[in-house]
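Just below is one structure, and these are the notes that go with it.
Order of listing sets the numbers, starting from 1, for every ligand and every atom in it. What's counted below: heavy atoms across the whole structure, side chains too, no hydrogens, waters or symmetry copies.
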Amino acid sequence: MAGSNDEVTPSEYGPVPYSEEMRVHIADHPLITHKLTVLRDQRTPSPVFRQLTQELVTLLAYEATRNVRVSPVQITTPVTSATGVRISEPRPLVVPILRAGLGMLEGMVTLLPTAEVGFLGMVRDEQTLQPTTYAERLPTDLSDRQCFVLDPMLATGGSLGAAIDFLFDRGAQDITAICLLGTPEGIAKIDEQVGDRDVTLVLGARDERLNEHGYIVPGLGDAGDRLYGTV
Ligand SMILES: O=P(O)(O)OC[C@H]1O[C@H](OP(=O)(O)OP(=O)(O)O)[C@H](O)[C@@H]1O
Ligand SMILES: O=c1cc[nH]c(=O)[nH]1
Ligand SMILES: [Mg+2]
């Protein structure tokens, strides 16, 4: 249950305190804000919601992959030889958090087609707001892998925090999470949890707050339900 019909206009909500160790990139682009506005609108049907989610992820992935590791490569153009780059080995790992994160996968691999894809299934108990992990399909050793976690919603931060810990436990050292919306509470929780480990958050927008049901305000409701028509 999204919990309220409060009329809240997305705007500048002021600075969120987070440490310098954790990089937080909040998109500031009219196309992203436009597409998010349509997503937020409760009248937007699932097919449009799914399409816009993919488009938004592709736009956010451009920023999220800014530090993707590349290696030099020698090529020959029709004119001359030249040095370029290609994505380094081992390949980056993209990890959508089921279910809603699955709606972001195509948008991500459009930009990173050679990435490997692993899966984490998580669901939040809507009473306690605690996440549980019900599925996992990931490489056993993630050391040396750049990991990109996909989840549209960073609400309390419980689910993303658990996913980040899962990846760290497998040896990951470099994690970037892409979320469409995040709250100040969720960002602060991830910041406190990761300490000085290498985590970057890339958000489409930072919303105002969590409501008493743990939903993002103004938010867009339950992302999984809206993607898959289960309302
Ligand atoms: O920051 P949190 O408070 O943990 O909330 C965010 C989580 O809630 C949603 O998943 P949900 O549990 O609804 O599962 P679903 O994707 O199957 O709908 C969302 O996709 C996040 O994973
Ligand atoms: O607002 C919210 C919070 C958690 N999960 C969602 O899908 N939406
Ligand atoms: Mg859900």
Show the atoms of ligand 1 that are less than 4.0 angstrom away from any heavy atom in [X].
{"X": "Gly224", "value": "18 (O)"}
{"X": "Arg124", "value": "2 (P), 3 (O), 4 (O), 5 (O), 12 (O)"}
{"X": "Ala100", "value": "16 (O), 20 (O)"}
{"X": "Asp222", "value": "13 (O), 18 (O)"}
{"X": "Met153", "value": "6 (C), 19 (C), 21 (C)"}
{"X": "Gly158", "value": "1 (O), 4 (O)"}

Student check: side-chain heavy atoms of [X] and [Y] closer than 4.5 Å:
{"X": "Ile178", "Y": "Met108", "answer": "yes"}
{"X": "Asp198", "Y": "Arg23", "answer": "yes"}
{"X": "Met104", "Y": "Thr53", "answer": "yes"}
{"X": "Leu36", "Y": "Leu181", "answer": "yes"}
{"X": "Arg124", "Y": "Leu129", "answer": "yes"}
{"X": "His25", "Y": "Arg66", "answer": "no"}
{"X": "Asp225", "Y": "Arg99", "answer": "yes"}

May I ask you to identify the nearest protein heavy atom to [atom], giving residue, atom name and distance to one decimal place in Å?
{"atom": "atom 2 (C) of ligand 2", "value": "Tyr215 CD2, 3.4 Å"}
{"atom": "atom 14 (O) of ligand 1", "value": "Met122 O, 3.8 Å"}
{"atom": "atom 4 (O) of ligand 1", "value": "Ser159 OG, 2.6 Å"}
{"atom": "atom 18 (O) of ligand 1", "value": "Arg99 NH2, 2.9 Å"}
{"atom": "atom 1 (O) of ligand 2", "value": "Ile216 N, 2.9 Å"}

Can you find a non-hydrogen atom of Arg124 under 4.0 Å from ligand 2? yes
Check if Asp151 has a non-hydrogen atom at a distance under 4.0 Å from any atom of ligand 1. yes
Looking at ligand 1, does Val123 have a heavy atom less than 4.0 Å from it? yes
Quick check: Ala155 and ligand 1, any N/O pair under 3.5 Å apart? yes
With respect to Gly157, determine whether any N or O atom, backbone or side chain, lies less than 3.5 Å from an N or O atom of ligand 1. yes
Ile187/Leu203 under side chain to side chain contact (heavy atoms under 4.5 Å, CB included): CA gap, chis, key distance, verdict: CA-CA 10 Å; Ile187 298 169; Leu203 306 176; 3.6 Å; yes
Would a distance-only check, ignoring hydrogens and angles, find a side-chain to backbone donor-acceptor pair under 3.5 Å from [X] to [Y]?
{"X": "Ser46", "Y": "Arg226", "result": "yes"}
{"X": "Arg145", "Y": "Asp141", "result": "no"}
{"X": "Thr183", "Y": "Arg209", "result": "no"}
{"X": "Tyr228", "Y": "Gly103", "result": "yes"}

Just distances here: any N/O of [X] and N/O of ligand 2 closer than 3.5 Å?
{"X": "Gly221", "value": "yes"}
{"X": "Ala223", "value": "yes"}
{"X": "Ala155", "value": "no"}

Inter-residue atom distance Ile190.CD1 - Ile164.CD1, 0.5 Å rounding: 4.5 Å
What's the spacing between Ile175 CD1 and Thr200 OG1 if we round to 0.5 Å? 10.0 Å
Knowing that exactly one of Val194, Leu160, Asp191, Leu167 qualifies, which makes a side-chain contact (heavy atoms from CB on, under 4.5 Å) with Val199? Val194
Under 2.8 Å from the Mg ion (ligand 3), protein N/O/S atom count? 2
One residue to check: Thr156. Relative to ligand 1, which of side chain, backbone, both or neither has a non-hydrogen atom less than 4.0 Å away? both
For ligand 1, is any non-hydrogen atom under 4.0 Å from Asp225's backbone (N, CA, C, O), its side chain (CB onward), both, or neither? neither
Check whether the side chains of Asp174 and Gln146 place a donor and an acceptor atom closer than 3.5 Å, and report yes or no. yes
Under 4.0 Å from atom 10 (O) of ligand 1, is there at least one protein heavy atom? no
Criterion side chain to side chain contact (heavy atoms under 4.5 Å, CB included) on Val57 and Leu105, from CA distance to verdict: CA-CA 8 Å; Val57 175; Leu105 180 59; over 6 Å; no
Which of the numbered atoms in ligand 2 are below 4.0 angstrom from a heavy atom of Gly214? 3 (C)
